[in-house]
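Notes to accompany the following structure.
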Amino acid sequence: MHVVIGSGPIGSTVARLLADRGESVRIVTRSGSGPEHDLIERVSADAADARRLIELARGAEVLYNCANPKYTEWADKWFPMNNAMIAAAKANDAVYAITGNLYVYGRQPGGRMTESTPLAATGRKGRIRIRMWQDALASGVRTVEARGSDYIGAGAAGVFSAVILPAMNAGRTAWAPADVDLPHTFTYTGDMARALVELARDERAHGKAWHVPSPAPITIRELTGRYAAMAGRPMPKIRKLPRFVMRTAGLAVPMARELAEMDYQFYFPFVLDSSLTERTFGLTATDIEVGLRETVTDAEAIAARKM
């Protein structure tokens with residue numbers, strides 16, 4: 001049996017992947033949401049409630065942290081949740097598999113990151129993720145973290161889905177808080193889920209963080225062009241939003257402030273090197289066209305529901 005915390009794109013995909021393999025899954029969220037499957041049990045619970053999680057994880061082989069609080073809630077919610085998940089894994093001798101990201105590295109010269117890149121984040125969210133990882137390692141729990149870049153695929157959120165797609169749908173210019181002509185790694189949500197499952201069950205992975213196999217870096221402009229061609233839409237005009245705009249807005253808008261803290265990811269090259277994971281475990285990246293096709297299908301489904 002496996003316990004998955006969170007039912008977003010990653011948590012739901014992990015749950016379906018395991019269930020399709022014939023394994024029992026208990027997916028835990030505040031609302032009790034999650035994918036429907038005969039082998040998936042959906043439970044409503046607070047992920048920060050250690051006592052409750054310990055009971056829900058009875059008999060579990062792996063506990064997957066696929067939760068994702070809002071940026072503005074990270075400082076208040078992440079540590080209690082992480083501590084509760086560590087306690088649940090420890091009490092049940094389960095592996096603790098963490099959905100990670102690249103925030104821990106901060107801005108790197110040249111923008112290229114490997115698993116040996118120093119954890120040099122200076123921003124608040126990066127420091128939070130560093131401490132979460134260090135707390136898990138110090139707990140004595142068998143733990144592993146899969147680190148991916150910005151997601152692409154159904155339900156994925158980011159600059160592309162939040163800024164480019166709405167502008168394309170409205171037929172207007174997209175003002176992107178990014179340099180859209182720089183190389184940027186995108187990670188397919190399905191690859192993140194598959195990496196979590198495979199790394200959790202392989203003892204060689206435990207005690208380390210691994211980069212999720214991802215397609216070759218691509219510019220946001222090129223990604224937009226491929227999406228437009230696939231969706232049968234005209235290529236939108238894309239303009240670079242000056243960095244000071246979001247930083248100025250952050251003086252009054254909390255979410256803008258949180259986004260501005262991470263803007264180096266989009267105004268400088270941002271490249272994930274996953275070659276070590278590929279060599280060690282034989283995992284490979286899914287073609288970026290697959291993630292784009294899912295994004296197109298998802299957008300079309302959302303548009304149809306609004307009609």
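Bear in mind that the values here come from a model prediction, so they are computed numbers and not experimental data. Heads up: numbering here begins at 1 and tracks the sequence.
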| request: State whether Asp263 and Arg247 are salt-bridged, where the test is any N-O pair (Lys NZ or Arg NE/NH1/NH2 against Asp/Glu carboxylate O) under 4.0 Å. | output: yes
| said: Please say yes or no: joined through hydrophobic side-chain contacts below 4.5 Å, possibly via intermediate residues, are Tyr103 and Ile152 part of one cluster? | reply: no
| Got Leu182 and Phe270 here, is their nearest side-chain heavy-atom distance under 4.5 Å? | no
| Near-ring test Phe160/Phe186, centroid separation under 6.0 angstrom | no
| task | Spell out, yes or no, whether Ile10 and Ile5 are grouped together once hydrophobic residues are joined by side-chain heavy atoms under 4.5 Å, including indirect joins. | result | no
| said: Test your reading of the model: is there a side-chain donor-acceptor pair from Asn65 to the backbone of Ala67, 3.5 Å cut-off? | reply: yes
| Between Glu222 and Arg226, does at least one N-O distance fall below 4.0 Å, as a salt bridge requires? | yes
| field | His37 side chain reached by Ile27 side chain, heavy atoms, under 4.5 Å | value | no
| field | Side-chain touch Glu258/Trp74, heavy atoms, less than 4.5 angstrom | value | no
| Are side-chain heavy atoms of Asn92 and Ile54 found at a separation under 4.5 Å? | yes
| message | Quick check: is Ile86 connected to Val104 through a chain of hydrophobic side chains (ILVMFWY, heavy atoms under 4.5 Å apart)? | response | yes
| said: Assess, by modelled atom type and distance only, whether the side chains of Gln265 and Ser149 contain a donor and an acceptor separated by less than 3.5 Å. | reply: no
| Less than 4.5 Å apart, any side-chain heavy atom of Pro166 and any of Arg172? | yes
| request: Kindly indicate whether the side chain of Arg112, heavy atoms from C-beta on, has any atom under 4.5 Å from the side chain of Thr117. | output: no
| remark: So side-chain hydrogen bond (donor to acceptor under 3.5 Å, both in side chains) across residues 195-204, not counting sequence neighbours, yields Arg21-Glu198, Glu23-Arg201, Asp202-Arg204
| query | Between Ser161 (side chain) and Ala156 (backbone), is there a donor-acceptor pair under 3.5 Å? | reply | yes
| request: Please examine the side chains of Leu223 and Leu292, heavy atoms only from C-beta on, and report whether any two atoms are closer than 4.5 Å. | output: yes
| task | Using distance alone, with no hydrogens and no angle criterion, decide if Ser7 and Ser33 have a side-chain donor and acceptor under 3.5 Å apart. | result | yes
| Hey, does the side chain of Arg26 reach the backbone of Leu56 with a donor-acceptor pair shorter than 3.5 angstrom? | yes
| said: Is it true that Glu261 and Tyr71 share a donor-acceptor pair across their side chains at a distance under 3.5 Å? | reply: no
| task | Give a yes/no verdict on a cation-pi contact between Arg107 and Tyr264, requiring under 6.0 Å between NZ or CZ and the six-membered ring centre and an angle within 45° of the axis. | result | no
| request: Look only at the side chain of Asp298 and the backbone of Gly155, and say whether a donor-acceptor pair between them is shorter than 3.5 Å. | output: yes
| Parallel under 30°, tilted from 30 to 60°, perpendicular over 60°: which one fits the rings of Tyr105 and His211? | perpendicular
| Test item: Asp179 and Phe266 side chains (from C-beta on) under 4.5 Å apart, heavy atoms | no
